[in-house]
Chemist: 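If you scroll down you'll find the structure; I have some questions about it.
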Amino acid sequence: MKRSKAQLLPSPHLRISLGITGHRSEHPGFAPNRQRIEAVLAAIFDRIDTQVSAVTPAFGRANIAPARLHCLLADGTDLLASELALQRGYELIALLPFGPALNRAINAMPKTAADARALLAGAQPADADAARHAAVLDQMSARIGTIALADNDQRLSARLIAHIDQPQDAEAARLYGAESSRQVAAAGSMLIEQSDLLIAVWDGVTTAHPGGTGYTVAAAVELGSPVLWIDPSRPEDWRILSAPESLAQRGIGTGADAATQLDHLVQKMIGSDEDVGARANSLDHERWRPRSVRMAHGYRRIEALFGGGRLRDRLRSLTDHYEHPDQIGEGSCAPMLANLRALPGADQTFTATIEREVMRRFAWIDGISARLSDAYRGGMTINFLLSSLAIVGGLAYLPLGASSSKWGFTLFELALLGGILLITSVGVRKRWHSRWFETRRVAEYLRHASLMLALGAARSPGRWPQGAETSWPEFYARQTMRSVGLPRISITNAYLRGVLTGLLKPHVLAQRDYHWGKADRLTTVHHRLDHMSERLFQFAVATVTFYLLLKVGVAMHRVDGEWLERASKWFTLLGVAFPTFGASIAGIRYFGDFERFAAISQITAAKLDSIAARIAILEAASDEELTYRRVASLAHATDDIVFAEIENWQAVFGGKQISVPV
């Protein structure tokens, strides 16, 4: 049968995302070696392209997209690498530390306040050098996409004019230098987050200057992102930095070793290794279905029965109707998408891409994961119940006086035991546990991806978690976000307020309330299951004790011995049934780990509550204080909470494979 679009979404486009940073053209080490640096950069790009062509990528060669290069579009290294990238058909995106006009004014390096004002106004400066620099930037900007951090433009424009107007004023120079450097550092952080490999042309002198090349290199390796370091004085002997400690070894590594390292990095970036490639491609064979299966509701029925509320609610239908991927944009995600579109200066094409690439994919994978969760957890719950019924059913012939028909009860027991083996065998063969884990990780990563994408923020490559068995979910989610790319916008204070109040705040509050509710419900389930298990064991003790007291009564001739002989078989059955069902309930409680899941949700909710409090504080601030760094910090903090919750959840259920309940 041909699969519909809802049953099989195409894999995301696969691309290598590079970042470039380096010295400006006036740097004493850059100009004399410009041609050598250009040749080395060209050779590195060629090697990357060759490696991509030589291996089999995770989603197949048809899904390979042109490499993407990010830069801050500064004179020197950035423009040099940009020209090489455009020659190769790369997608080029400029991450401007300032709004377009201010960025043009700063990078044109005007010598007079009049020229600075002209550049800020979009006019031509009188100085020929400044005009030439501005023309180069204008030409490049017209050919590429840009995202600009314009949140401090008003203050920085004034600082720039004051600094040029009064070149002898040390305080004016200090304030301009500090604030502009901080803005460049913010753009540098975005550069690191968006790049799988950062290429840096750096003399290795210092990492202390905020926003400088060394500072960006140090920040990248601290985050675990690989850096390809080219020393402008000896560019042919470039090396790969993979950890902060690499900066302690200022000697240059051998080219052969570095080239091999680069090949391995490229293979990792496109998921050509067997673990990521094979597992990621297996997602293509998953089927999306519109609703859950009633026979797989065992776990959720336990949660509903013991989670509190009215009896009618506990017995309600648990059939879930999963949101169709093609309808999520007009359904649950409609408010979020409307707020995205309403952002001042929003990139409407970008919003449409998020709906198509992220939201639909989330709905698709979320539905698949929910069914796998029902199959795995429901299967284990049914196994526990069947094991108890098998034992009790096998002994039921005793009080019923059906010794001659014992074979029927034995057959009943065998059928239930066979059902347990069948559920376990199918669960192991179809990898219910692993597939649920993997697809749930992808779904949770994508659930809040839009918040990060709207800010041009991302989790840097070195900070993605590594799965115990496979890392393809992280690779898949990262490539989905990479395929969306960055919005072509200027991030103003008004834009940031829209993100804060229209996107981040509703998401944090909704997730916080969800986890508070989940924690309360699971705590109730745990205590009620615990209470029921204890009561069943108490009934068992009471049954056996009562039987022994009756035996004493027989010995004292106060109880009819013949009656007790006939009733003893019922006492035997109850003496077995109560502890058996008690053990089954205890097994479900242990397997479900409701108490620990409740604790995880409580911790997650408390963390999100603290984020909500921080959002409220920032929401009350003036627009001038609503900076990119502050809003992005809250988005990253929320991102960290989501990842921590996933890791804690995996730690609880990671070792609980579907098995025979013995």
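Fair warning: this is a prediction, and the values are worked out from it, not measured in the lab.
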Chemist: Is there a donor-acceptor contact under 3.5 Å linking the side chains of Arg482 and Gln479?
Modeler: no
Chemist: Compute the ring centroids of Tyr476 and Tyr445, then answer whether they are less than 6.0 Å apart.
Modeler: no
Chemist: Is the shortest distance from a Lys or Arg side-chain nitrogen in Glu645 or Lys607 to a carboxylate oxygen in the other one below 4.0 Å?
Modeler: no
Chemist: How far apart are the C-alpha atoms of Leu504 and Val508, what are their side-chain angles, what is the distance that settles it, and do they pass the side-chain contact (heavy atoms from CB on, under 4.5 Å) test?
Modeler: CA-CA 6 Å; Leu504 187 56; Val508 169; 4.0 Å; yes
Chemist: Would Glu444 and Arg447 pass as an ion pair if we require N to O under 4.0 Å?
Modeler: yes
Chemist: Between the side chains of Ser369 and Arg440, does any donor sit under 3.5 Å from an acceptor?
Modeler: yes
Chemist: One pair to check against ring-ring contact (aromatic ring centres under 6.0 Å, His included): Phe581 and Phe537. What are the steps and the verdict?
Modeler: CA-CA 9 Å; Phe581 282 112; Phe537 276 100; over 10 Å; no
Chemist: Compute the centroid of each ring, for Phe437 and then for Trp432, and state whether the two points are separated by less than 6.0 Å.
Modeler: no
Chemist: Give every residue pair that meets the salt bridge (Lys or Arg N to Asp or Glu O under 4.0 Å) criterion with at least one member in residues 571-593, sequence neighbours excluded.
Modeler: Asp530-Arg589, Asp593-Arg596, Asp593-Lys656
Chemist: Assess whether side-chain contact (heavy atoms from CB on, under 4.5 Å) is satisfied between Val293 and Thr319, documenting all intermediate values.
Modeler: CA-CA 7 Å; Val293 180; Thr319 300; over 6 Å; no
Chemist: For a quick check under 3.5 Å, do Arg300 and His297 share a side-chain donor-acceptor pair by atom type?
Modeler: yes
Chemist: Would you check if there is a donor-acceptor pair between the side chains of Thr638 and His507 at a distance under 3.5 Å?
Modeler: no
Chemist: If you measure only the distance, is there a donor-acceptor pair under 3.5 Å linking the side chains of His515 and Ser601?
Modeler: yes
Chemist: Under 3.5 Å, which donor-acceptor pairs link side chains of residues 412-426 to any protein atom two or more places apart or in another chain?
Modeler:
unit_1 : atom_1 : unit_2 : atom_2 : d
Thr424 : OG1    : Asn383 : ND2    : 3.1
Thr424 : OG1    : Ile420 : O      : 2.8

Chemist: Could you state the interatomic distance from CD (Glu222) to CD1 (Ile192), rounded to the nearest 0.5 Å?
Modeler: 10.5 Å
Chemist: For the residue pair Ile368 and Trp288, what are the closest heavy atoms and their distance?
Modeler: CG1-CA, 4.1 Å
Chemist: Could you tell me if the ring centre of Phe643 sits under 6.0 Å from that of Trp464?
Modeler: yes
Chemist: I need the single residue from Arg361, Arg341, Arg360 that forms a salt bridge (charged side-chain N to carboxylate O under 4.0 Å, His left out) with Glu355. Which is it?
Modeler: Arg360
Chemist: Ring centres under 6.0 Å, that's the criterion: do Trp649 and Trp436 meet it?
Modeler: yes
Chemist: For this output row, return yes or no: ring centroids of Phe539 and Phe546 closer than 6.0 angstrom.
Modeler: no
Chemist: With no hydrogens and no angle check, just 3.5 Å: does a side-chain donor-acceptor pair link Ser332 and Glu323?
Modeler: yes
Chemist: Would you please test His527 and Phe306 for side-chain contact (heavy atoms from CB on, under 4.5 Å) and show each step?
Modeler: CA-CA 9 Å; His527 287 311; Phe306 293 90; over 6 Å; no
Chemist: Inspect the contact between Asp640 and Arg459 and indicate whether a charged nitrogen and a carboxylate oxygen are less than 4.0 angstrom apart.
Modeler: yes
Chemist: To the nearest 0.5 Å, how far apart are CG in Leu626 and CG in Leu618?
Modeler: 4.5 Å
Chemist: Donor-acceptor pair, Thr545 side chain versus Val541 backbone, under 3.5 Å?
Modeler: yes
Chemist: Can you check whether Gly309's main-chain N or O pairs, donor with acceptor, with Arg314's side chain at less than 3.5 Å?
Modeler: yes
Chemist: So, Glu438 versus His433: side-chain donor-acceptor pair below 3.5 Å or not?
Modeler: no
